[in-house]
Amino acid sequence: ITSIVIEDGVKEIGEFAFELCTKVSKVTLSKNLVSMGCSAFGNCDALSGIKIPKSLENGGYIWYYPEWCGAFKGCDRLKNVTFEEGTTRIADYLFSNCIGLEKIEIPNTVTLIEEHAFSNCTNLTNIIMSDSVTMIEAYSFENCTGLAEIELPSGLTEISDGAFTECTELTCIVIPN
């Protein structure tokens, strides 16, 4: 398999559905997708880009396997992430353990970054957040060891527990008034 198209009638992709499909280089997600299970596209090593639909609410949490959750865990070439226009939240665990991610740009319609959304993205070095973000939930950027600095948005009203814990290279955080 080199290409996967999830038709618009699909609302859920189960846990480990396409894990280790190492030749998949293109994935088109349903515009009505609500949930992706843990490691739905885990270790899809050829996948370099993905567009996330605005309908997505669950990004890959599984209660009995939380330390290795994330719909795109282990995707070491996934570098180009875009979000459908009108996206208001980055789903929990969505990119947790996605080791390929180096840069992420949060769209200006997003107000919420849910828990563990980018945790353990060890190569993430650049985060651009729009001023529309008002809340960063618990452990959203936990263990992003490549992150050296971040400028938080002016609209931010809450940073939850451990949002940037174990970001060992983080030397500068700009917090607006």
Side-chain angles (χ1 to χ4, degrees), residues 1-107 109-110 112-130 137 139-147 150 167:
I1 301 172
T2 59
S3 179
I4 299 171
V5 176
I6 309 292
E7 296 292 333
D8 288 344
V10 176
K11 293 184 178 185
E12 182 175 340
I13 300 171
E15 300 162 4
F16 313 104
F18 301 100
E19 184 178 49
L20 291 170
C21 290
T22 57
K23 295 184 181 186
V24 170
S25 60
K26 183 175 183 192
V27 172
T28 304
L29 297 173
S30 161
K31 289 183 180 179
N32 299 307
L33 190 64
V34 175
S35 178
M36 281 195 282
C38 177
S39 200
F41 295 96
N43 298 297
C44 289
D45 294 334
L47 186 62
S48 62
I50 192 74
K51 182 175 185 177
I52 304 299
K54 65 183 176 184
S55 57
L56 191 67
E57 295 175 8
N58 179 6
Y61 173 73
I62 187 170
W63 68 270
Y64 57 87
Y65 200 44
E67 65 276 3
W68 288 107
C69 286
F72 300 97
K73 80 170 187 74
C75 292
D76 57 1
R77 290 194 182 109
L78 184 56
K79 301 197 187 309
N80 184 17
V81 173
T82 57
F83 297 90
E84 181 181 7
E85 188 174 326
T87 297
T88 59
R89 66 201 273 178
I90 309 297
D92 63 340
Y93 288 87
L94 183 59
F95 294 103
S96 183
N97 299 296
C98 182
I99 57 177
L101 218 64
E102 295 173 355
K103 177 183 178 180
I104 193 74
E105 189 166 340
I106 308 296
T109 53
V110 170
L112 172 63
I113 299 174
E114 293 188 350
E115 65 181 57
H116 291 278
F118 299 98
S119 62
N120 300 307
C121 291
T122 54
N123 291 311
L124 185 61
T125 58
N126 191 357
I127 303 168
I128 300 169
M129 278 191 238
S130 69
E137 287 191 347
Y139 305 99
S140 295
F141 297 97
E142 173 191 23
N143 199 38
C144 289
T145 54
L147 191 61
I150 186 165
C167 293

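On a predicted model such as this, the values are computed, not experimentally measured, just so you know. The figures that follow rest on heavy atoms only: side chains count, while hydrogens, waters and symmetry mates do not.
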Point-to-point distance, once rounded to the nearest 0.5 Å, from [atom1] of [X] to [atom2] of [Y]:
X      : Y     : atom1 : atom2 : value
Asn43  : Leu20 : CG    : CG    : 5.0 Å
Leu101 : Leu94 : CG    : CG    : 9.5 Å
Asp76  : Cys44 : CG    : SG    : 10.5 Å

Residues two or more places apart in sequence or in another chain: which of them pass side-chain contact (heavy atoms from CB on, under 4.5 Å) with [X]?
X      : answer
Thr145 : Thr122, Asn143, Thr168
Ile128 : Lys103, Glu105, Asn126
Lys23  : Thr2
Phe141 : Ile113, Phe118, Leu124, Ile127, Met129, Ile136, Cys144, Phe164

If you take all heavy atoms of [X] and [Y], which pair is closest and at what distance?
X      : Y      : answer
Gly60  : Cys69  : O-CB, 3.2 Å
Ser96  : Ser119 : OG-OG, 2.8 Å
Cys98  : Cys75  : SG-O, 3.8 Å
Gly59  : Ala91  : N-CB, 3.6 Å
Ser130 : Pro107 : OG-O, 3.0 Å

What I'd like to find out is whether the side chain of [X] reaches to under 4.5 Å of the side chain of [Y], using heavy atoms alone.
X     : Y      : result
Phe83 : Ile90  : yes
Tyr93 : Glu115 : yes
Phe18 : Ile4   : yes
Leu29 : Ile13  : yes
Asp45 : Arg77  : yes

Do you know which of Asn97, Val81, Ile52 makes side chain to side chain contact (heavy atoms under 4.5 Å, CB included) with Phe72?
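Filter result, single survivor: Ile52.
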
Taking Ser55 for its side chain and Lys31 for its backbone only, find out whether a donor-acceptor pair lies under 3.5 Å.
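Yes; judged by distance alone, with no hydrogens or angles, the pair exists.
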
Tell me which donor-acceptor pairs under 3.5 Å the side chains of residues 32-42 have, and how far apart each pair is, sequence neighbours excluded?
residue : atom : partner : partner atom : Å
Asn32   : ND2  : Asp8    : O            : 2.6
Ser35   : OG   : Asn58   : ND2          : 3.3
Ser39   : OG   : Glu19   : OE2          : 2.8

Would you mind listing every side-chain hydrogen bond (donor to acceptor under 3.5 Å, both in side chains) that reaches into residues 79-91, with sequence neighbours excluded?
Lys79-Glu102, Arg89-Glu114

